[in-house]
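Notes follow the structure.
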Number of protein chains: 2
Amino acid sequence: MTTAAPYQLARAAALFHALSDETRLAALALLQDGERCVCELQEPLGARQSRLSFHLKVLKDAGLVRDRREGRWAYYSLDLDVLREAAGALASLGAIVPAAARPPRLPVVLTGCCA
Amino acid sequence: MTTAAPYQLARAAALFHALSDETRLAALALLQDGERCVCELQEPLGARQSRLSFHLKVLKDAGLVRDRREGRWAYYSLDLDVLREAAGALASLGAIVPAAARPPRLPVVLTGCCA
DNA sequence: CTAACGTATCAAGAATTCTTGTTGTGTCAA
DNA sequence: TTGACACAACAAGAATTCTTGATACGTTAG
């Protein structure tokens with residue numbers, strides 16, 4: 001495998017995009033202690049139905065939450081694995097162990113003006 | 001302190017926004033083994049001067065990178081502390097230790113239709 | 001069966017972000 | 001001093017994302 005980087009970057013970028021909004025982060029925070037019904041989220045998030053639905057869809061498309069339909073209610077819950085996937089992406093940038101302290105990856109040869 | 005959440009969310013959202021672009025993630029990846037001159041980044045990122053400058057500014061405004069001017073060159077480097085800050089935000093959403101396994105935070109009372 | 005409800009989806013406009021080309025600024029070399 | 005260079009910053013348009021209100025759909029209550 002030579003060209004895995006582009007895909008991973010695109011996926012990581014998509015994850016971070018889903019995380020890049022205050023309302024969505026607040027929603028994820030509310031889901032921390034378990035599944036919540038959409039109607040329970042509206043007031044604490046200060047988001048009306050349509051807007052909340054939009055943001056939940058962004059989170060769902062990124063895989064960060066799952067939804068479950070029950071009667072006329074919809075319940076959302078965190079997908080911790082995907083949250084960890086995001087943490088992993090961050091870690092691979094050196095957030096946990098700096099690159100200098102890790103086994104070297106494929107070297108990237110950089111050429112530029114400032115020889 | 002009662003209302004710390006809004007600020008933290010805004011800051012976290014800003015960090016994730018800076019991370020939500022492929023070109024910027026690739027730039028951060030290139031900076032992993034240390035400081036790089038702007039001119040070294042252009043080719044591997046496939047971004048010309050103006051565009052690269054824009055993305056580096058986004059990263060810098062978020063605090064994820066520092067810049068240093070030397071003569072007519074500009075060098076950028078990672079700020080690992082800020083990268084860790086992002087990792088911390090993710091962790092606080094349960095990415096590392098699920099909320100269920102942590103000491104409880106202030107309870108949030110949710111009211112909704114689905115009694 | 002009908003009406004009210006909870007939610008998703010769509011459409012249109014607003015806002016934000018990104019790209020490209022251009023201009024400005026400081027630095028170095030001749 | 002002049003010209004080339006590396007870079008930032010700006011300006012204008014393109015693209016994307018977000019918000020709002022409207023509509024559609026399945027579900028439950030009456």
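Both backbone and side-chain heavy atoms feed into the values below; hydrogens, waters and symmetry mates do not. Given the structure is predicted, the values throughout are model-derived calculations rather than measurements.
Residue A:Arg72 contributes atom CZ, which lies 6 Å from atom P of C:dG6 at whole-angstrom precision. Atom CZ of A:Arg51 is separated from atom P of D:dT17 by 17 Å (rounded to the nearest Å). Distance A:Arg36 CZ to C:dG6 P: 18 Å, rounded to the nearest Å. Separating the CG atom of B:Leu52 from the P atom of D:dA6 is a distance of 14 Å, rounded to the nearest angstrom. The nearest whole Å value for the distance from the CZ atom in B:Arg48 to the P atom in C:dT19 is 11 Å.
Listed here is the closest heavy atom pair of B:Leu15 and B:Val82: CD2-CG1, 3.5 Å.
Minimum atom distance to the side chain of B:Ala74 is reached by D:dC7, of the listed D:dA9, D:dC7, C:dT7. Closest approach to the A:Val38 side chain among C:dT7, D:dA6, C:dT9 is made by C:dT7 (side chain taken as heavy atoms from C-beta onward). Listed nucleotides C:dC18, D:dT19, D:dG26 differ in distance to B:His17; the shortest reach to its side chain belongs to C:dC18. Among the nucleotides D:dT20, D:dA8, C:dT7, the one closest to any side-chain atom of B:Tyr76 is D:dA8. With C:dG21, C:dC28, C:dT19 as the candidates, the nucleotide lying closest to the side chain of B:Phe54 is C:dT19. Among the nucleotides D:dC7, D:dC18, D:dC5, the one closest to any side-chain atom of B:Arg69 is D:dC7.
A donor and an acceptor atom never sit less than 3.5 Å apart when one is taken from the side chain of B:Ser53 and the other from the base of D:dA9. Between the side chain of B:Gln49 and the base of D:dA6 there is no donor-acceptor pair of N/O atoms closer than 3.5 Å.
For the pair A:Arg68 and A:Tyr75, the cation-pi test (distance below 6.0 Å, angle within 45°) is passed.
Nucleotides of DNA chain C nearest to B:Thr23 and A:Trp73 differ in position, and the one nearer the 5' end is that of A:Trp73. Heavy-atom nearest nucleotides on DNA chain D were determined for A:Arg24 and for B:Ser50, and the one closer to the 5' end corresponds to B:Ser50.
The pair B:Arg11-B:Glu85 meets the salt-bridge criterion, with a side-chain N (NZ, NE, NH1 or NH2) lying under 4.0 Å from an Asp/Glu carboxylate O.
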